Each structure stands twice: as C-alpha cells, then as structure tokens.
Amino acid sequence: MQILKPIRQRFRTVLEKLLDDPALVESSLERIVPSRDPSLADYQANIAMPLQKVLGKPPLEIAQSVVSGLDLSDICQSVSIAGAGYINLRLSPSWLAAQLEAAYRDEHLAVTKVDAPKTIVIDYSSPNVAKPMHVGHIRSTVIGAAIAHVLRFLGHKVITDNHLGDWGTQFGMIIYGYKNFCDQEAYKKHPVAELSRIYRKVQAISGYQESLAQTPKLEQAVEFARKRVEQVQTKLAAAPADKKIAKELATAERQVTTAIEELQSNHKKIEESQQDTLLMAESDTHPAIYEKVLAETAALHHGDIGNLKLWNEFLPNCRQEIDTIYRRLNVQFDHWYGESFYHEMLGAVVEDLFAKNLAVQSDGALCVFLDGFDSPMIVRKQDGAYLYATTDIATAMFREREFSPDISLYVVDHRQSDHFKKLFAVLEKIGLGHTDFRHISFGTVMGTDGKPFKTRSGSTVGLESMLDEAVARAMEVVCNPERLTGVGIQMEDQEKEQIAQVVGLGAIKYADLAHNRTSDYVFDMDKMVRLEGNTSAYIQYSYARIRSILRKAQEKGYDPSGWADSSLQLTEPSELALALHLVRFEEMLHQSMQEYTPNLITEYLYDLAKLFSSFYDQCSVLSASNANEVSSRLKLSSVVAKTLRVGLDLLGIGVVERM
Ligand code: ARG
C-alpha cells in the first residue's frame, strides 16, 4: 500500500529526461510530499521553484513541462498547477479503492516489505536487577518493543536483547545485606520479598550516611554562593547602571536559593532517617556501609566463591519479579545477554585496546581519548575495576561478531545521553563506525505533583500494583454497570475482567508511546483510561464499535462473503478522507521509524478513529440507500477495524470484540 513510491516513480521518468544530474533528480523527488492543505490537494510537488536557476526558466514553465510529460492517469484524478508552479495531485477514488481491496485481502494490510532489509539490534528494557524496577524501565520496555514490532513488520531483521544489569553494585548491596540483615525464615518463604527488603535497608543506611557526608559540602556551597552575591553587589554599587552586572547578580542570587534548597532537602532526609531508631542503631553498627558494599561487589568480580554462590542463588529470584512484569506486558526478548555475560571478556577487550594504542595510561587508569570531548572514556580504573562503559564496549564488539548489525539501537532514558555520545565515539574509533549506533532516548515520567513519578512504596510491588491499578480503573470506566446498561451490553464477570486487562494495560503502554519520547510526561492514571481523547481506550472502543456494526450487519442478513465480493465505491467526502488515511498506513510506519518515534503511530490511529467517527456520522452504513452501498461501507469499515487492530498490535496493545 504505497502512495509516494509509485508517484515518485512516474515523476522520475520525466525528471530524468529533464535533468542531467542524478542528485538533482533525487532531491526533486524528495519534494513530493503529502499536502498540508487537504482542500487543495492530497499530495503536492514543489519541484519547479528550486529548478528555476538550474534550468534558467520560470517555474511555471518548468511545472508545465513536467506535467505534460507525466502519466499519472491511473493514480490521480487530477494533476494541476497552482500559484507560481506548485504541482497539486488529487488521488483518484478508484485507485484508492484498489489499494483498500488489497489491504482487505491481506493479513499484513498489503504493507510491502522493504527492498533492502537491515539487521537491527535493539537493546531495551535492560533493568538493573536486584534493585526495584521503576517506571522508566516500563517506558524503555514499551517503546523498545513497539519499535521492534514495527521494524519487523516492515521486513527488517530485528534482534532484541535485554542487557540486564546483573553484575553491578546492587548485588554488592544484597550480598552485604544478606550477610548482615537477612531473616532466614522470611527468605526461605519469599526470597524475592526478603531480598528486596534487604536491598531497601542497605540503601536506606547508605543513603543516610551519604546525606551526613554531604552536609559540609552543601553548607560550603551555600557559603560560597553567598560570598559571590556580596562580590557582585560590590561590583554593582560601583557601576549601578551596568545591566550585565545586574543580570549577574540575579544569577548569583538564584544560585544561593538553589544551594539553600539542596541543603534543606538534605537536612530533611537526615531528619526523616533519624526518626527511625532502628535505622540509627543499624547505621551505628554498620559505619561506612557503602565502602563495604563496594568491597563485596569487588570480591564478587574477583571470583570470590562465597559471593559467586550467593549471586547464582539470588539471580533467578531477581529474574522472577521482572519476569512477572514482562509476562503481564506480554513482552519477549530474543536474548538476555546481561552485564555478567561480558564479565570474562573485559580483560581481553581492554588489553586489546591498549595493545592497539587506542586506550592509553592516564593517572594509573586506562582511557580512550576522544576528539571533541572534555574528558576521555575510562575503561579500567586505577584499582583495576572495569566500568559500565567497558561492558558496553565489549557488548558492541560481541554484537558485531554475532549479528553484524547495520543499526544498533539503545532504548535508554535521557540521563544516559552523555554516556552514549561518548560510547559511540569510542566505537567509531575502534572500527565499528559502519554500524549506525543510536541512543533512543526518552524523557522522565513525572507524577501529577510535578516530580519524577514514584510508585507508592518505591518498591517492586509498586510497579505491579501500578498495573493492577490501571486494570481496576479500566474496570470502573469501561465495565461499570451503569455504562454497560447504557450501551446495551450484558456480560459475565469473566469477560469484564478480560476487557479491563486489555484496556488497563493498553492504557499504560499507550500513554508511554503517545508522548513524544524525548519529552518528560506526566503519568496521570485518570487521563490514561478515559474513553474520550487520545487514549487507547478510545481507539479500542472504536474497534469494538465497528465489530458490533459488522455483527449487526450479519443479523440483518449481510454476509461477510457478500461484502468481500462487493466493489468499494468511494463517493462521499468523509469516505474519501477515511480511505486516503487508510492507504497512508505504510507511509506513516516508515515515517515513524525515521527517528523511531512511535507517537506518530498513536497519532495516526487516533486520527483514524476520529475519521471513522465522522464517516459514521455522515454516511449511513446499515441503512444506506442500496445494498451495494451497504456492502461497500461494510467493507470500508472492516478495513478500518483491521488497521486499528494491526496498528494497536504493533504497539503491543490488544483489542476486544465489544466494550
Ligand atoms: N541497566 C541500565 C540501567 O538500568 C540500562 C542499560 C542500557 N543498555 C546498555 N547497553 N547500556 O540504567
């Protein structure tokens, strides 16, 4: 179902005769785009103006000669020239109908596979296990899975990899915690819960100690900022009219406020911890706990038998709780090459970089220096420890050997963007520049209070209960008895439960995808599950509504095989608008993968649902004027339903037959 491709093909034939330079042909073809004003045209070609100089002719004349050589009679109803030389194209209803026929008959909606499939590795989800998973990981999981589905659908070879953080300090935390705070009884009964209790305990003690250690530094910062204000005040007194100094003063004053706020929030944290007498006692008996955690981590990395045994015992438990989340979200991965998988390779990787002079000694550490960066990438610390970055280098080298990707995507939140910029520069330097490495960054999930969203207890249970809550809200909104009676649906509890699951989990995914991924977004459960507006529930509802129309049609004696054989007649403006939007499905998918922005897909589906609604308002379906018209409209409606279903499915969101 392509529109631009065949149109450009026809233009190419004409342009190649007109222009000697192939590059000019290509750039001209790029100028054929969907029209911004549907009342004027469906597609528009702004080719003539930029060629004015090259051809030394007025644009109008150029446009005329292009159009006169052009044969678009089967695709377009009209080809006209507007203004100073814009070429306006209006697609022909019969051509649109033929495209929809193909979509109707094909499970793949007649979307063509790309001519040159690429091998694409997608690293997504990748949570640090042993540490409670947070909303950001759901975002990475949902965005990553959607991108993977769409790229596969378009015919690329996609390899998904969950790069688990299963080897870091968080294991030092639970190892130390296990050795010092474990309630063996509880651990035997519910290892996952006990490990997460232990983790939080060690983190609370270390957080408290860290806050104490921070206090003098934060006090100093306030002091320093105040002094700066005084200095600038003196400067301003000497030159009261100087606007630049006045500005400087305002900045300095703001810095004082920020420094005070930081000190206060640190103070508040300390006070809160001090209310907890048990925590205070434990902090006294475990001074400098973070250093001990690091020592346990280092022992693990150096092959300490006891710690390795614990690690092996903990890992499956940690996996269990993330598996629960994946199962509920219905997400799978081809590979689970976590950080621990690369551990044994790090020594050789670093040695190799050193031998090739790519990494050099600096202050006892091994570093890769990069042009255009303030600091090098450290690949081995002074004490011999490897870093997150070292593992990422080893990972990229492994993926090169194993998969030779053309493109490698990392779906990770925006706070790691500096890490990835540097990493990609290193990878280029060590000879992996033929792969297109991309950080698919996304913004922070905020709470309705304007602060980063936290699940209720900040614990693992939090994420699961968040999913439960979405399901419960969906049940209230969609399956409340009053509403169901209103729309005349009777159903058993089991069906209600199933609908609430599909709608509730869909709502969480859709909200993650519908926001431009680079911006922060407010996680508002109330808004997510609404039946109106840009929500998955609205789109699922549209789908269910069409399915119900199709069922009613059958009750009235229209047979699906009958409307399958009928020919599509597109006459009314709302029918044509709907048809054009449907035929654009493939074009939209490609667009959404240009910068990997699934929100273009949610927008498309939302528009499709709205266009269907206006079509249904304006055109009778079941009581159309004659049987042919009824069949044609039923067929059009089925293509809409299928497109909604396939589109949602690409986003990992399900549909229900009625709601
Ligand atoms: N485990 C990391 C985190 O939770 C994300 C890893 C992303 N992938 C990678 N290859 N660095 O922050």
Side-chain angles (χ1 to χ4, degrees), residues 120-145 147-148 158-174 196 199 203 297 311 315 318-319 321-323 325-326 331 333-343 345-346 349 377-379 386-403 405 407-427 430 432 435-445 452-455 458 460 462-463 512 517 596:
I120 307 173
V121 170
I122 313 184
D123 175 325
Y124 70 99
S125 196
S126 311
N128 293 331
V129 294
K131 195 168 164 173
M133 206 167 162
H134 59 80
V135 225
H137 289 119
I138 294 216
R139 202 152 192 224
S140 166
T141 309
V142 168
I143 295 175
I147 294 175
V158 173
I159 297 146
T160 56
D161 187 11
N162 190 359
H163 186 76
L164 280 189
D166 58 359
W167 196 244
T169 323
Q170 70 274 21
F171 276 95
M173 289 213 175
I174 49 174
S196 109
Y199 176 84
Q203 208 189 28
T297 316
W311 181 80
L315 194 59
C318 299
R319 275 279 303 263
E321 53 126 327
I322 61 173
D323 279 338
I325 302 273
Y326 291 142
V331 173
F333 301 90
D334 298 322
H335 301 288
W336 292 71
Y337 294 122
E339 289 178 12
S340 64
F341 174 77
Y342 298 99
H343 173 62
M345 304 177 199
L346 300 184
V349 165
M377 178 161 260
I378 305 174
V379 293
Y386 301 111
L387 302 96
Y388 179 57
T390 324
T391 307
D392 259 333
I393 297 173
T395 305
M397 292 167 92
F398 172 79
R399 288 176 181 160
E400 169 66 19
R401 285 198 300 278
E402 205 72 4
F403 314 118
I407 301 174
S408 187
L409 307 178
Y410 298 78
V411 189
V412 186
D413 82 72
H414 68 103
R415 285 169 305 179
Q416 295 195 24
S417 78
D418 286 339
H419 163 73
F420 285 110
K421 271 190 204 128
K422 239 184 209 178
L423 175 69
F424 299 163
V426 170
L427 297 178
I430 66 178
L432 298 180
T435 302
D436 179 10
F437 292 102
R438 295 266 192 122
H439 176 200
I440 307 302
S441 145
F442 55 83
T444 307
V445 183
F453 182 85
K454 283 222 168 70
T455 40
T460 42
L463 264 198
D512 262 339
R517 66 171 166 76
Y596 309 99

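Because only heavy atoms are used, hydrogens play no part in the values below, and waters and symmetry mates are left out as well, while side chains stay in. Treat the numbers as computed from the prediction; the structure is a model and nothing was measured. We count ligands from 1, going down the list as the structure has it; atoms in each ligand are counted the same way. Note that the numbering runs from 1 along the sequence shown for the chain.
A 4.5 Å side-chain heavy-atom check between Tyr388 and Glu339 finds at least one atom pair inside the cut-off.
Listed by chain and residue number, the protein contacts of ligand 1 are Asp123, Ser126, Asn128, His137, His163, Tyr388, Asp392, Tyr410, Val412, Gln416, Phe420 (heavy atom within 4.0 angstrom).
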Side chain to side chain contact (heavy atoms under 4.5 Å, CB included) between His335 and Arg399, worked out: CA-CA 11 Å; His335 301 288; Arg399 288 176 181 160; over 6 Å; no
Stepwise side chain to side chain donor-acceptor pair (under 3.5 Å) test for Asp392 and Tyr410: CA-CA 11 Å; Asp392 259 333; Tyr410 298 78; 5.2 Å; no
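Using the six-membered ring where Trp is involved, Phe341 and Tyr337 have ring planes that are tilted, between 30° and 60° apart. In this pair, Phe403 and Phe398 present their aromatic rings perpendicular. The plane angle is above 60°, beyond the 30 to 60° band.
Within 6.0 Å of CG on Leu423 lie more than 12 heavy atoms contributed by other residues, nucleotides or ligands.
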